[in-house]
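Some notes on the structure that comes next.
Only a predicted model underlies this, so the values are computations on that prediction, with no experimental measurement involved. Along the sequence shown, residues are numbered consecutively beginning with 1.
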Amino acid sequence: MPLLNPPPIVCTVFVGTLNRLELLKACLEQLFLLREFPVEIIVSDAGSEDGTLAFLKKLKHPQLFVIAHGRKIGQAQSINQVLKRARGEYFCWLSDDNLLLPGALEKACRILRRNSSIGMVGLKVRDVEGPFKEEAYIGGISPAGVLNVNQGVVRTAIARKVGGFCTRLKDYGIDPDFTTKVLLKGKKVVMTKDVQILHFRDWGGSLRMQSLSEIQKDYLKIYSRRYRDWE
């Protein structure tokens, strides 16, 4: 029997996925452990052909909602679509290759609740595969000169006020751009002291690294033009 007065949703969690069913299973399994912490989990699928949608349909989890795009529309646009319908006071964005460590989401929400001057909390991420797996964590200050929040928790109201993530950047470069927009609204952006997410990234070798390097150059050009008045 459903609760007559269910607790308000504390946090909306976005998870983007494409053809990585096994990683998605691990990501969701960790999120489903948040039984004492009211969340809604919205999975955005970009056209998976590996049984992802069939798996999600079978779950029938009360906290889980699925948006099936059927094609790639870019990370920024898919996040923004979920942000519009988010019911949580706070908004967290993840990828299917992220494994949220126990207590991470609660910690970020507590930080936001205790300090109204903070608009966003970055969840410190560590790669478990690829060229940076020996590093303590990835991210930190981006080449643009601001904190690069790969994954984090933001006040939903602030995220909407700044217009969400930049669809022109689509995927890479959306993180420092979003940080800048939150800062320009007069809110602080902080990072957790400890690693809160394990990242099972598929690097795809040296060609992939070279491609990402070129993409980063493009995003820095867009970023510098957009914020040259605040440099």
Does the side-chain contact (heavy atoms from CB on, under 4.5 Å) test come out yes or no for R160 and F91, once each step is laid out? CA-CA 10 Å; R160 287 172 176 158; F91 183 85; over 6 Å; no

Working for side-chain contact (heavy atoms from CB on, under 4.5 Å), residues D194 and K124: CA-CA 6 Å; D194 303 316; K124 193 171 283 186; over 6 Å; no

Evaluate L21 against S48 for side-chain contact (heavy atoms from CB on, under 4.5 Å), listing each step before the verdict. CA-CA 9 Å; L21 178 55; S48 293; over 6 Å; no

Set out, in order, the CA-CA distance, both residues' side-chain angles and the distance that settles side-chain contact (heavy atoms from CB on, under 4.5 Å) for D177 and Y227, then state yes or no. CA-CA 9 Å; D177 180 81; Y227 299 109; 2.8 Å; yes

Let me see the working for Y223 and T180 under side chain to side chain donor-acceptor pair (under 3.5 Å), right down to the final yes or no. CA-CA 10 Å; Y223 182 94; T180 301; 2.5 Å; yes

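Between K181 and G164, the closest heavy-atom pair is NZ-O, 2.5 Å. Considering all non-hydrogen atoms of both residues, L100 and Q30 come closest at O-CG, 2.7 Å. Across all non-hydrogen atoms, the minimal contact from V195 to A136 is CG2-O, 3.5 Å. Between N148 and P176, the closest heavy-atom pair is OD1-CD, 2.9 Å. The two residues C166 and R226 have their closest heavy-atom pair at SG-NH1, 3.0 Å. In plain terms, the two heavy atoms of G163 and N80 that are nearest each other are O-ND2, 4.2 Å.
Side-chain atoms of H69 and S78, non-hydrogen and from C-beta on, do get closer than 4.5 Å to each other. Taking 4.5 Å as the limit, some side-chain heavy atom of Y219 sits within range of a side-chain heavy atom of S142. Looking at heavy atoms from C-beta onward, L64 lies in side-chain contact with F32 at the 4.5 angstrom threshold. Residues T156 and E89 are not in side-chain contact: their nearest non-hydrogen atoms beyond the backbone lie 4.5 Å or more apart. Side-chain contact between P102 and L33 is absent, with no heavy atoms from C-beta onward closer than 4.5 Å. At least one side-chain heavy atom of L59 sits under 4.5 Å from a side-chain heavy atom of L28. Using a 4.5 Å heavy-atom cutoff, the side chains of V39 and L31 are not in contact.
Between the side chain of Q75 and the backbone N or O of G16 there is no donor-acceptor pair closer than 3.5 Å. In this structure a side-chain-to-backbone donor-acceptor pair under 3.5 Å is missing from S95 to D97. Using a distance-only test at 3.5 Å, with no hydrogens or angles considered, no donor-acceptor pair links the side chain of T192 to the main chain of L123. Here the side chain of D127 pairs no donor or acceptor atom with the backbone of F132 at under 3.5 angstrom. The main-chain N or O of T12 is never found under 3.5 Å from a side-chain atom of R87 such that the two would form a donor-acceptor pair. Panel note: side chain Q151, backbone L94; no donor-acceptor pair is recorded below 3.5 Å. No donor-acceptor pair closer than 3.5 Å links the side chain of T17 to the backbone N or O of D96.
In this structure, R20 is not positioned above the aromatic face of F200 in the sense of NZ or CZ being under 6.0 Å from the six-membered ring centre and within 45° of the axis.
The distance from atom CG of L34 to atom CD of Q63, rounded to the nearest 0.5 Å, is 7.5 Å. Remark: L24 CG to L56 CG distance equals 5.5 Å, nearest 0.5 Å. Here CG of L198 is found 9.0 Å from CG of N98. Values are rounded to the nearest 0.5 Å. The distance from the CD1 atom of I197 to the CG atom of L105 is 9.0 Å, given to the nearest 0.5 Å. Once rounded to the nearest 0.5 Å, the distance linking CG of L99 with NE2 of H199 reads 11.5 Å. Distance CD/Q196 to CD/E106: 10.0 Å, rounded to 0.5 Å.
Within a 6.0 Å radius of NZ in K25, more than 12 heavy atoms belonging to other residues, nucleotides or ligands are found. At most 12 heavy atoms of other shown residues, nucleotides or ligands fall within 6.0 angstrom of atom OH in Y137.
No single ILVMFWY cluster, assembled from side-chain heavy atoms under 4.5 Å apart, contains both V66 and L23. Clustering ILVMFWY residues whenever any of their side-chain heavy atoms sit less than 4.5 angstrom apart, transitively, puts V125 in the very cluster that holds I111. Hydrophobic clustering (side-chain heavy atoms under 4.5 Å, transitive across Ile, Leu, Val, Met, Phe, Trp, Tyr) groups F65 together with L83. At a threshold of 4.5 Å between side-chain heavy atoms, the hydrophobic network of Ile, Leu, Val, Met, Phe, Trp and Tyr places L101 and V190 in two separate groups. In the hydrophobic clustering of this structure, I67 groups with F14; members are Ile, Leu, Val, Met, Phe, Trp, Tyr whose side-chain heavy atoms approach within less than 4.5 Å, directly or through other members.
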Donor-acceptor contacts, no H, no angles, side chain residues 115-122, under 3.5 Å, sequence neighbours left out:
from : atom 1 : to   : atom 2 : distance (Å)
N115 : OD1    : S117 : N      : 3.0
N115 : OD1    : S117 : OG     : 2.5

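Note on ring orientation: taking the six-membered ring where Trp is involved, the planes of W93 and F178 are perpendicular (angle over 60°, cut-offs 30° and 60°).
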